[in-house]
Amino acid sequence: PRPEAATAPRIPATRLALHHFDVTYGPVLRERWAAARAALLCEQKYGALLNSFCSADHVTQELELLGATDFVSEASERARRGAQEGDGGCREGSGEGRTAAREETTRAEKSPLLRASASSNIRCYTFPRCDITRFRPARPDVLGLLDYYLLDAASLLPVLALNVQPDDFVLDLCAAPGGKTLALLQTGVCGYLAANDISVSRTKRLHQILHSYVPKEMRETVSVTSYDGRDWGQLEGGTFHKVLVDVPCTTDRHSVMEEDNNIFHKRRTKERQMLPMLQLQLLMAGILATKPGGEVVYSTCSLSPLQNEFVIERAVEIAETQFNISIHIEDLSHFRTLFQDTFSFFSDCRLGELVLPHLTANFGPMYFCKLCRR
Ligand SMILES: C[S@@+](CC[C@H](N)C(=O)[O-])C[C@H]1O[C@@H](n2cnc3c(N)ncnc32)[C@H](O)[C@@H]1O
C-alpha cells in the first residue's frame, strides 16, 4: 500500500481560507457573512482614481457618459449640504431642535472629509450599485502619463481618513505597490512624502507607478525606501504629521480566489499566525514616527477582528504603558453616512470602520481606524 501522505489529496489553499473564514467570521458578522462570502467569491468592482497630473481631455466626460460618478466629490457635497442644513436649523430652530442642529453642524465641521475638501483633489469614479460595467484600461497623455489608476475604491477611505493638510509631512510605511501613495500625491498638498516598503521587488512596482502617473518634478519630492517598517520609530521617530500603516494581512479576497502566493498554504501557517504580531509592531512604529498631535491611519483588507480591532487595542495599551503616549481613537462613523451610496459598511465594529463586500457594491474588505497621538 502507498504511504498515506502520498495519496492524501492536497486541499487547495483557497478552500482552507474559505473554511477558516466560515469558522471565524460567521459568528462575528452573523447574517451578513453569507452575503459577504458570496461577494468575495465573485468579481470585484474597481474605482478609477483620476490622475490630476495627466493632461488628457475628456476623461471625466467619457466616464460620466458611461454612467460613472465621482464618489469623493459627491460625499464632499453631501457633507457640505449637511453642514449648511445644520446652520439653517440653528438660526431658525429653538430649544432642543436648535441644540441638535448645532451639534449636527459641529459634527459636520469636524468631518475630516469636509475639512479636507478644500485641499483634497482626489477624484475617483465608480459605477452605481448593481452596475458591474468595467473600466477600459488606462491611457497615456502626450507626455506618457496615464489618465487613471484602477483600484479597489474602498482603499481610498483610509487615505481620506488621513485628511492630509497643506505642507504635512506624510509617511506611507507599507507603501507598495503604491495605490495609496498615488492617492496621497493626488491631494497635491503633501509637504514631504516618504513611501517605504520592505520588499525590494514591490518597491520597484511602486517606482513604476510613480513613473507612469507623476511628473518628474513631483516624483523627486517622494522618498522611496525599502526598510523594515518595524524599525522606523528608531530611524526617524516623531517627525511626521500623518502616517499611513496599511499592513500586510490575510488579503481575504485574494486568499479565497487565488492559489498563487496564498497565505493559507500549509507551509505559510506560521507566517499567517504571526501576522497580528507583525501588524502590531508596524502600527507601533507608525505611532512612534508621528509627532505629538499627529495622526495615524491603520488599515487592512481583511475582515478579521484579530487583525483589526485587537491590533488597535493592543497598540493603544502599549503606547500608554511602555511609551507614555496617550492615544485618542477618532470617531469615523460619519464615513458610513457620507459613503453609504457607494459602499456597504458593517456598523458593529468596536473601533474603526469596515467595508463589507456585497454583490451590489463589491468593494473591500477594507478596515480602517484613525489614531491621534496626544
Ligand atoms: C497591503 S500591502 C500595501 C499596499 C499599498 N499600501 C497600496 O495601497 O498599494 C502591505 C505591504 O506591506 C509590506 N510589508 C510587509 N512587511 C513589512 C515590514 N516589516 N515593513 C514594511 N513593509 C512591510 C509588504 O511588502 C506589502 O507590500
Side-chain angles (χ1 to χ4, degrees), residues 44 46-47 49 51 122 124 148-162 164 170-187 190 193-214 222-236 240 242-255 258 261-263 268 270-289 296-304 307-308 311 315 355 363-369:
Q44 77 178 108
Y46 284 90
L49 170 67
N51 184 11
I122 295 178
C124 184
Y148 54 61
Y149 180 80
L150 295 178
L151 78 183
D152 183 334
S155 63
L156 284 183
L157 297 176
V159 176
L160 293 170
L162 200 60
V164 176
V170 183
L171 167 63
D172 188 354
L173 193 61
C174 305
K180 297 185 188 71
T181 313
L182 181 61
L184 286 166
L185 283 171
Q186 295 298 321
T187 66
C190 297
L193 178 59
N196 176 70
D197 197 287
I198 195 169
S199 157
V200 175
S201 60
R202 286 171 66 98
T203 37
K204 281 197 186 123
R205 178 82 191 106
L206 171 64
H207 275 293
Q208 279 166 5
I209 288 181
L210 293 178
H211 256 268
S212 312
Y213 287 88
V214 184
V222 185
S223 144
V224 179
T225 51
S226 306
Y227 299 127
D228 184 332
R230 290 173 286 188
D231 302 333
W232 198 284
Q234 289 138 36
L235 291 169
E236 273 180 79
F240 292 90
K242 304 283 160 69
V243 179
L244 181 62
V245 185
D246 185 40
V247 292
C249 67
T250 45
T251 51
D252 296 359
R253 193 182 279 279
H254 179 88
S255 292
E258 304 278 340
N261 195 22
N262 193 312
I263 192 135
R268 295 183 71 185
K270 189 101 217 108
E271 181 191 348
R272 178 166 56 80
Q273 289 168 343
M274 291 305 286
L275 274 176
M277 179 53 79
L278 172 60
Q279 292 161 340
L280 175 63
Q281 290 171 325
L282 287 165
L283 177 53
M284 283 313 303
I287 292 171
L288 294 176
V296 178
V297 169
Y298 173 84
S299 56
T300 75
C301 52
S302 167
L303 299 169
S304 160
Q307 298 173 58
N308 298 340
V311 171
V355 172
F363 299 108
M366 183 54 57
Y367 172 81
F368 55 106
C369 183

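The chain is numbered in sequence order, starting from 1. On a predicted model such as this, the values are computed, not experimentally measured, just so you know. Whatever order the structure lists ligands and atoms in, that order sets their numbers, starting from 1.
- The line from CD1 of Ile209 to CG of Leu185 is 11.5 Å long, rounded to the nearest 0.5 Å.
- Looking from atom 19 (N) of ligand 1 to the surrounding protein, the closest heavy atom is Asp228 OD1, 2.8 Å.
- Residue Cys249 does not touch ligand 1, judged by heavy-atom distances below 4.0 Å.
- Heavy-atom contacts from other residues, nucleotides or ligands closer than 6.0 Å to OH of Tyr149 number more than 12.
- Nearest to atom 6 (N) of ligand 1 among the protein's heavy atoms is Asp246 OD2, 2.7 Å.
- The backbone N or O of Gly364 sits nowhere less than 3.5 Å from a side-chain atom of Gln44 that would complete a donor-acceptor pair.
- Using a 4.5 Å heavy-atom threshold, the side chains of Tyr213 and Leu49 count as separate.
- The ligand atoms of ligand 1 that sit less than 4.0 angstrom from a heavy atom of Leu282 are 18 (C), 19 (N), 20 (N).
- By the 3.5 Å distance cut-off applied to N or O atoms, Ala176 is counted among the residues near ligand 1.
- Regarding atom 11 (C) of ligand 1, its nearest protein heavy-atom neighbour is Asp197 OD2, 3.4 Å.
- Atom OG1 in Thr203 sits 10.5 Å away from atom CD1 in Ile198 (nearest 0.5 Å).
- Heavy-atom separations between Ser155 and ligand 1 are all 4.0 Å or longer.
- For atom 23 (C) of ligand 1, the closest non-hydrogen atom of the protein is Ile198 CG2, 3.3 Å.
- Comparing Ala285, Ser302, Cys174, Cys301 by heavy-atom distance to atom 12 (O) of ligand 1, the nearest is Cys174.
- Of the protein's heavy atoms, Arg202 NH2, 3.7 Å lies nearest to atom 2 (S) of ligand 1.
- Looking only at heavy atoms of the protein, atom 1 (C) of ligand 1 is closest to Val247 O, 3.5 Å.
- Of all atoms in ligand 1, listed by their number and element, those nearer than 4.0 Å to a heavy atom of Ser199 are 25 (O).
- Nearest approach of Leu303 to Pro365, heavy atoms of both residues: CD2-CB, 3.6 Å.
- Here's the thing with Gly179: one of its N/O atoms is less than 3.5 angstrom from an N/O atom of ligand 1.
- Contact of the Cys190 side chain with the Val222 side chain is not registered, since no non-hydrogen atoms from C-beta on lie closer than 4.5 Å.
- Here the straight-line distance linking atom CG of Asp246 with atom CZ of Phe368 works out to 12.0 Å at 0.5 Å rounding.
- In terms of polar-atom proximity, defined here as any N/O pair under 3.5 Å, Gly178 does make such a contact with ligand 1.
- Of the protein's non-hydrogen atoms, Gly229 N, 2.7 Å is the one closest to atom 20 (N) of ligand 1.
- Atom 15 (C) of ligand 1 has its closest protein heavy atom at Pro248 CG, 3.5 Å.
- Between the CG atom in Leu162 and the NZ atom in Lys180 there is a gap of 12.0 Å [rounded to 0.5 Å].
- The OH atom of Tyr227 sits 12.5 Å away from the CG atom of Leu173 when rounded to the nearest 0.5 Å.
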